[in-house]
2 protein chains.
Amino acid sequence: MDCGRGVRTLREAKTQRAAWLETGFAMLAEGGAENVRIEPLARRLSVTKGGFYWHFKDRADLLTAMLDRWRDGRVDVIARHVAPGEGETAEAVLRRLLARYLEQPNPRGTALEMAVRDWARHDAIAAEAVAAVDRARLAHVAPLFEALGFGPDEAAARARLFYAYVFGQNLLAPTTDADDARRQGDRIAAILLGR
Amino acid sequence: MDCGRGVRTLREAKTQRAAWLETGFAMLAEGGAENVRIEPLARRLSVTKGGFYWHFKDRADLLTAMLDRWRDGRVDVIARHVAPGEGETAEAVLRRLLARYLEQPNPRGTALEMAVRDWARHDAIAAEAVAAVDRARLAHVAPLFEALGFGPDEAAARARLFYAYVFGQNLLAPTTDADDARRQGDRIAAILLGR
DNA sequence: GAAGTACTATACGTAAGCGTATGGATGAGC
DNA sequence: GCTCATCCATACGCTTACGTATAGTACTTC
């Protein structure tokens, strides 16, 4: 059988597993966990599925690998995002976070977040990954609310409301007028921050 | 071919389309739009798919019929739910709504809501149904916030935050301790209602 | 230069689901 | 009592995807 080409370098070879994962994330973002199918994935990578079963035991193996990677990435990143910059106040950090989550400089990240959370509603492993990410985020954001002067319980409640709002926004039909949306976002931020 | 039985009465016959829809909703609630498949549906109804194509043109036809029905039901129901009971204040109505949405006396309704909203992220027709429901709900709930003393813009913002919170809660990993969850819910209600 | 590692193509069998005939079976209306 | 509308069973062809088997290529390491 003429396979046309083999592995060019070992460096490149090790990249292939990452390529399957990367493309898997693209399909997850585009259509949810159901949409992550091996053969369409292979077509997008311009290979056949032969190599898939070298890197992964089966489809579930890919899915759990993606989940691990997603969880680790989110947990790593939240610690960086709550770190204040030069002379940045807690309120400024929270507003920056809110903008990052809602103004969607990274629509792919939002789509992934929603896809994983929907997945978690039917799958225990996904639910555990989501729970771990939520714990990490709430633990990092609650202290920011404490820095605003709220007690620990109130800060925890506000942190939860903060994240529920962020994800809920993605489920609500968007406000049609962009200016209205911005003004409304400002009002909501004021309510969340208590000022 | 011995089909075993035919139509017993016209009354019963007209019920069949409703049965397909009803079971369709069950599968939608259980596994999202992807999970609504004709042959499993038929098995659950203990019939073959032969009759399906009598009632519906194809799978998409069933799905849009379900969507219409869902939208109409939600729009009808919100008007009833915001109507205050005997001497019920606007605040009491809002707290009652919140309890209804979050304490999940009707888990099937919540599952449907989430399934349709996830569906809406990939499907324009579903997105339009969600948008119609959101418009109706926000239009009904904002006046309750106005009755609490907020101006129109602030009331609209709070109504949006109210619903974003409700749906966002369903995406966040649940708080493990039930008492904590209740106390936190009370705090969040106080923030939403501004008191 | 031989052996191993890291892939990839190709081919196969299986399963599930879609949509399309086609031919009953039954009750309703005349 | 015949016909029509309404519904269902059965069977078929097609497509998509899964997972396995097998044989091949190319680079690496010794």
Side-chain angles (χ1 to χ4, degrees), chain A residues 1-28 30-66 115 119 122-123 125, chain B residues 1-28 30-66 115 119 122-123 125:
Chain A
M1 273 170 255
D2 183 5
C3 298
R5 64 175 169 171
V7 178
R8 264 162 288 207
T9 71
L10 246 187
R11 174 82 190 71
E12 188 170 345
K14 287 208 173 147
T15 310
Q16 297 315 307
R17 185 178 211 267
W20 285 101
L21 282 167
E22 184 55 36
T23 310
F25 278 115
M27 304 195 86
L28 177 59
E30 286 161 25
E34 301 289 312
N35 196 46
V36 181
R37 314 253 125 199
I38 297 167
E39 281 168 322
L41 224 85
R43 281 195 289 276
R44 192 180 293 203
L45 286 169
S46 298
V47 294
T48 60
K49 65 181 170 171
F52 177 86
Y53 291 94
W54 173 262
H55 296 291
F56 304 95
K57 183 181 170 294
D58 54 17
R59 183 170 170 268
D61 190 30
L62 167 68
L63 255 16
T64 60
M66 286 171 60
W119 182 9
H122 315 298
D123 182 285
I125 303 175
Chain B
M1 270 171 260
D2 183 4
C3 298
R5 62 175 173 170
V7 178
R8 265 164 286 206
T9 71
L10 248 185
R11 175 82 190 72
E12 187 171 346
K14 287 207 173 146
T15 311
Q16 297 315 307
R17 184 176 212 267
W20 285 100
L21 282 167
E22 185 55 37
T23 310
F25 278 114
M27 305 197 85
L28 177 59
E30 286 160 26
E34 302 288 313
N35 196 46
V36 182
R37 314 250 127 203
I38 297 167
E39 281 168 320
L41 222 86
R43 281 195 290 276
R44 192 182 291 206
L45 286 169
S46 298
V47 294
T48 61
K49 65 181 170 172
F52 176 86
Y53 292 94
W54 173 260
H55 295 291
F56 304 94
K57 182 179 169 297
D58 53 18
R59 184 169 168 269
D61 189 29
L62 168 68
L63 254 18
T64 59
M66 286 171 59
W119 182 9
H122 315 297
D123 183 285
I125 302 175

*asked:* Once side-chain contact (heavy atoms from CB on, under 4.5 Å) is applied, do any residues pair with B:I125, and if so which ones, sequence neighbours excluded?
replied: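 side-chain contact (heavy atoms from CB on, under 4.5 Å) list for B:I125, sorted by chain: B:T64, B:L67, B:D123.
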*Can you list the residues that meet the side-chain contact (heavy atoms from CB on, under 4.5 Å) rule with A:D58, with sequence neighbours excluded?*
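Scan of A:D58 (side-chain contact (heavy atoms from CB on, under 4.5 Å), adjacent residues dropped) gives A:A60, A:D61.
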*Does B:Q16 put a side-chain nitrogen or oxygen below 4.0 Å from OP1 or OP2 of D:dT6?*
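Looking at the OP1 and OP2 atoms of D:dT6, neither is under 4.0 Å from any side-chain N or O of B:Q16.
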*At under 4.0 Å, does any side-chain N or O of A:W54 touch on OP1 or OP2 of C:dA6?*
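No.
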Spacing between [X] atom [atom1] and [N] atom [atom2], to the nearest angstrom:
X	N	atom1	atom2	answer
B:H55	C:dG19	NE2	P	16 Å
B:R17	D:dC8	CZ	C1'	17 Å
B:N35	C:dA16	CG	C1'	13 Å
A:E34	D:dC18	CD	C1'	14 Å
B:F52	C:dA21	CZ	C1'	17 Å
A:Y53	D:dC18	OH	C1'	5 Å

Can you give the donor-acceptor pairs under 3.5 Å from side chains of residues 33-43 of chain B to other protein atoms, not counting sequence neighbours?
unit_1: B:N35; atom_1: ND2; unit_2: B:M27; atom_2: O; d: 3.1
unit_1: B:R37; atom_1: NE; unit_2: B:E34; atom_2: O; d: 2.8
unit_1: B:R37; atom_1: NH2; unit_2: B:E34; atom_2: O; d: 3.3
unit_1: B:E39; atom_1: OE2; unit_2: B:K49; atom_2: NZ; d: 3.0

*B:E30 to B:R44 - nearest heavy-atom pair and separation*: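 Shortest heavy-atom contact: OE1-NH2, 2.9 Å.
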*Kindly give the heavy-atom pair with the smallest separation between A:A115 and A:G32, and that separation in Å.*
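So the two residues come closest at CB-CA, 4.1 Å.
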What N/O pairs connect the protein and nucleotides 13-17 of chain D at under 3.5 Å? Give each pair on its own line.
unit_1: D:dA17; atom_1: OP2; unit_2: A:R43; atom_2: NH2; d: 2.9

*Sequence neighbours left out, what passes ring pair (Phe, Tyr, Trp, His ring centres under 6.0 Å) with A:F25? Give chain and number order.*
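Expected list: none.
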*Does the side chain of B:L62 come within less than 4.5 Å of B:F52's, by heavy atoms?*
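When only atoms from C-beta onward are counted, B:L62 and B:F52 do touch, with a gap below 4.5 Å.
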*Divergence of helical axes at both termini of the helix from C:dG1-D:dC30 to C:dC30-D:dG1 - five pairs an end, 10° steps*: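 Axis-to-axis angle, ends of the helix: 0°.
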*So, B:F56 versus B:W20, ring centres under 6.0 angstrom or not?*
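No, the ring of B:F56 stays outside the 6.0 Å limit from the ring of B:W20, centre to centre.
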*The side chain of B:V47 lies closest to which of these nucleotides: D:dC18, C:dT8, D:dA9?*
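In terms of side-chain proximity for B:V47, the closest of D:dC18, C:dT8, D:dA9 is D:dA9.
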*In Å, rounded to the nearest 0.5 Å, how long is the span from CE of A:M66 to CG of A:L21?*
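These two atoms lie 7.0 Å from each other.
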